[in-house]
There are 2 protein chains.
Amino acid sequence: MPVPAEAGSEGTTVKQRSIPEASVARLAVYLRMLGELAEQGAETVSSDELAAATGVNPAKLRKDLSYIGSYGIRGVGYEISSLLHQLERALGLNHRQAVALVGVGNLGHALAGYGGFGGRGFPVTALFDVDPDLVGIHINGILVDHIRAIPEVCAERAITIGVIATPAQAAQGACDLLVESGVRCILNFAPVVLQVPGEVEVRKVDLAVELQILAFHVARRHLTATADVVTEQMVNGHAVNGSGGAHS
Amino acid sequence: MPVPAEAGSEGTTVKQRSIPEASVARLAVYLRMLGELAEQGAETVSSDELAAATGVNPAKLRKDLSYIGSYGIRGVGYEISSLLHQLERALGLNHRQAVALVGVGNLGHALAGYGGFGGRGFPVTALFDVDPDLVGIHINGILVDHIRAIPEVCAERAITIGVIATPAQAAQGACDLLVESGVRCILNFAPVVLQVPGEVEVRKVDLAVELQILAFHVARRHLTATADVVTEQMVNGHAVNGSGGAHS
DNA sequence: AGTCGCTTGTGAAGACACGCACAAAGTTGC
DNA sequence: GCAACTTTGTGCGTGTCTTCACAAGCGACT
Ligand SMILES: NC(=O)c1ccc[n+]([C@@H]2O[C@H](COP(=O)([O-])OP(=O)(O)OC[C@H]3O[C@@H](n4cnc5c(N)ncnc54)[C@H](O)[C@@H]3O)[C@@H](O)[C@H]2O)c1
Ligand SMILES: NC(=O)c1ccc[n+]([C@@H]2O[C@H](COP(=O)([O-])OP(=O)(O)OC[C@H]3O[C@@H](n4cnc5c(N)ncnc54)[C@H](O)[C@@H]3O)[C@@H](O)[C@H]2O)c1
């Protein structure tokens with residue numbers, strides 16, 4: 001099945017019939033590490049090296065990469081610039097995705113001023129709030145608009161991704177506005193479960209939950225440490241994200 | 001299962017012999033929703049209601065809850081206050097976990113000032129930075145110390161969880177300091193893979209990765225939308241965390 | 001008491017993810 | 001040109017997570 005020997009459907013019709021969700025998250029991590037390696041002047045990298053650098057099992061890494069095609073050279077490794085380009089294509093980064101941020105409070109300010117988004121192909125091009133003290137000011141060169149301008153501005157600037165950093169009780173309203181305006185992907189920092197139509201995808205970043213997961217492991221660790229004496233702990237190791245998730 | 005009273009066999013230790021990682025993340029979400037319901041004065045809740053409110057499959061929710069014991073009443077649902085208490089116990093929230101935050105920049109400021117942590121049993125009780133302009137000031141009533149004070153302060157205030165919000169290149173150093181000081185659980189916001197000894201658990205929150213995952217779905221959506229016409233999209237819906245994803 | 005309706009808890013099956021291990025395919029050295 | 005070595009790509013067994021479906025348990029009503 002995933003052995004379509006035929007290279008027939010190469011360039012145009014992207015054959016990426018379903019990359020596993022878990023793999024997509026890791027591909028993004030490989031992408032960043034490849035960027036760093038490229039900056040350092042490296043030309044090729046082996047799966048073992050890249051796996052060690054990203055904290056992933058080498059076989060898993062190769063399988064992840066195989067979902068986007070066979071761009072490795074046996075006996076050598078992967079050519080970094082080429083792989084980088086293929087990864088960007090596969091992740092949909094060939095055309096920049098404009099991001100709108102709703103709620104410019106403590107967290108929103110930090111996000112708006114963060115260079116790591118624009119630098120990775122996600123320029124924050126719209127900011128919204130309701131606070132009259134905020135509406136009208138510029139942050140990092142971007143004007144803060146009132147949320148009633150969301151439909152207009154989103155259409156005008158071709159917003160594809162919305163980020164919600166409002167208080168919890170305002171999040172659903174902000175979400176509804178974004179969805180009405182055609183936004184189909186939302187990153188939510190408010191601790192609420194957003195109700196959205198089926199075609200809209202929501203990812204939630206919940207920092208309190210992250211801490212609770214850690215606290216759970218602290219507690220468990222403590223229990224096993226006091227109960228069994230020095231029962232060797234699982235060798236495996238890390239948990240991630242996300243996720244990862246995410247967080248782990 | 002209707003346990004054979006004898007816990008003798010393998011269960012030498014605690015009965016919570018391993019709650020699946022994915023379930024732990026969701027239990028934290030149920031916990032918050034239960035808190036809200038309790039505030040609203042509700043006394044009981046059924047798995048269907050709670051599942052709808054948290055965006056989870058009802059069967060999955062029941063199975064998650066079954067890992068911490070049988071606290072439901074058939075034909076009725078779950079008594080909220082009782083379930084809340086059991087959840088807190090299972091997640092290790094009976095005793096508060098003190099949190100240290102390293103790196104009080106844009107993001108660190110927002111985190112330090114966030115009431116949602118202390119309110120959920122995770123008081124941020126220590127702040128660290130290297131910037132002379134920051135060391136010595138108070139944020140939200142907490143003094144910012146120099147990172148060289150990490151070992152001393154962590155021991156003194158019984159820190160169990162560390163949060164890293166430094167620039168990427170400083171993250172590993174901050175991590176090492178925390179680990180040396182006995183911290184065994186770390187939440188990392190810097191876009192690097194931390195190297196830690198096996199007994200330390202790291203969760204990473206990587207916002208750029210979150211955006212890239214969304215971008216991937218935008219791209220995919222766009223492809224299928226132009227290729228097939230209105231092919232019915234998957235009904236499932238949301239993705240979480242990460243954990244995830246970990247959480248990820 | 002008996003019956004009925006509702007909800008939990010879980011067995012079992014399916015879906016998914018992981019990682020080993022190895023053949024295929026390349027490179028290097030002679 | 002051939003043999004030795006390196007590294008990719010993947011088939012497959014294993015384990016974890018998800019979901020369905022239903023018996024068992026509980027309360028309410030008659
Ligand atoms: N600050 C953190 O570190 C942190 C951490 C985790 C989660 N969060 C969550 O992120 C969200 C924002 O946190 P914060 O600390 O920035 O809060 P904040 O109160 O500092 O900022 C909220 C901002 O949203 C604006 N706002 C209020 N109602 C709005 C509406 N209807 N539409 C648009 N904007 C509106 C406010 O004017 C304010 O500027 C909260 O839901 C919080 O739970 C924050
Ligand atoms: N700001 C955001 O919205 C955002 C979003 C995602 C990820 N991040 C990540 O979080 C981290 C912090 O981001 P930021 O925007 O707050 O950066 P920032 O530059 O505003 O803050 C960094 C802080 O860390 C301090 N610092 C530097 N070296 C240190 C060291 N060795 N020990 C302790 N503290 C040190 C600095 O003095 C500064 O106060 C970065 O790694 C960034 O990539 C930030």
Side-chain angles (χ1 to χ4, degrees), chain A residues 1-5 7 17-27 30 43-52 55-80 82-83 86 234-246 248, chain B residues 1-3 17-27 30 43-52 55-80 82-83 86 234-248:
Chain A
M1 4 259 206
V3 195
R17 262 290 166 255
S18 77
I19 301 177
E21 192 65 25
S23 293
V24 174
R26 286 189 298 267
L27 288 175
Y30 308 151
E43 302 218 330
T44 64
V45 67
S46 70
S47 62
D48 277 31
E49 290 164 356
L50 191 54
V56 170
N57 178 300
K60 184 156 57 174
L61 182 144
R62 288 199 295 275
K63 184 154 290 187
D64 287 342
L65 291 181
S66 78
Y67 289 121
I68 66 168
S70 295
Y71 300 109
I73 308 162
R74 291 168 191 235
V76 176
Y78 299 86
E79 195 190 337
I80 292 180
S82 150
L83 184 57
Q86 292 301 335
M234 28 167 254
V235 268
N236 268 354
H238 345 282
V240 214
N241 180 356
S243 88
S248 330
Chain B
M1 60 175 71
V3 187
R17 184 72 356 230
S18 77
I19 303 178
E21 191 65 26
S23 293
V24 174
R26 286 189 298 267
L27 288 175
Y30 307 151
E43 302 217 330
T44 63
V45 67
S46 71
S47 62
D48 276 30
E49 289 164 357
L50 190 53
V56 169
N57 178 306
K60 184 154 58 174
L61 183 144
R62 288 199 297 275
K63 183 148 288 190
D64 287 342
L65 291 182
S66 77
Y67 290 121
I68 65 169
S70 294
Y71 301 107
I73 307 162
R74 291 168 191 236
V76 177
Y78 299 87
E79 195 191 337
I80 290 180
S82 149
L83 184 57
Q86 293 301 335
M234 29 167 255
V235 268
N236 270 354
H238 344 285
V240 212
N241 178 0
S243 336
H247 163 221
S248 148

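None of these values were measured; they are calculated from a predicted model. Below, chains carry the letters A, B, ... as their sequence lines are ordered, and counting in each starts from 1.
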Atom-to-atom span, [atom1] of [X] to [atom2] of [N] - whole angstrom:
X     : N      : atom1 : atom2 : value
B/I19 : C/dT10 : CD1   : P     : 14 Å
B/E49 : C/dC6  : CD    : P     : 13 Å
A/E21 : C/dC18 : CD    : C1'   : 17 Å
A/R26 : C/dA17 : CZ    : C1'   : 8 Å
B/K60 : C/dG9  : NZ    : P     : 18 Å
A/I73 : D/dT6  : CD1   : C1'   : 13 Å
A/R62 : C/dC22 : CZ    : P     : 14 Å
A/L61 : C/dC20 : CG    : C1'   : 16 Å

Side-chain N or O of [X] closer than 4.0 Å to phosphate OP1/OP2 of [N]:
X     : N      : result
A/Y78 : D/dG9  : yes
B/S47 : C/dT8  : yes
B/N57 : D/dC20 : yes
B/R74 : D/dA28 : no

Where each residue is assigned the nucleotide of DNA chain C containing its nearest heavy atom, which of B/S66 and A/D64 is assigned the position nearer the 5′ end?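 Looking at DNA chain C, the more 5' nearest nucleotide goes with B/S66.
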By nearest-heavy-atom nucleotide on DNA chain C, the more 5' of A/V76 and A/P20 is A/P20
Report the distance from atom [atom1] of [X] to atom [atom2] of [Y], rounding to the nearest 0.5 Å.
X     : Y     : atom1 : atom2 : answer
B/L61 : B/Y30 : CG    : OH    : 4.0 Å
B/Y78 : B/S70 : OH    : OG    : 8.0 Å
B/I19 : B/L65 : CD1   : CG    : 10.0 Å

Flag side-chain contact, heavy atom, 4.5 Å: B/K60 against B/D64: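 With C-beta onward as the side chain, the pair touches.
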Close side-chain approach of B/N57 and B/R62, heavy atoms under 4.5 Å: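 When only atoms from C-beta onward are counted, B/R62 and B/N57 do not touch, as no gap falls below 4.5 Å.
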Could one point to a donor on the side chain of B/K63 or the base of D/dT18 with an acceptor on the other under 3.5 Å away? no
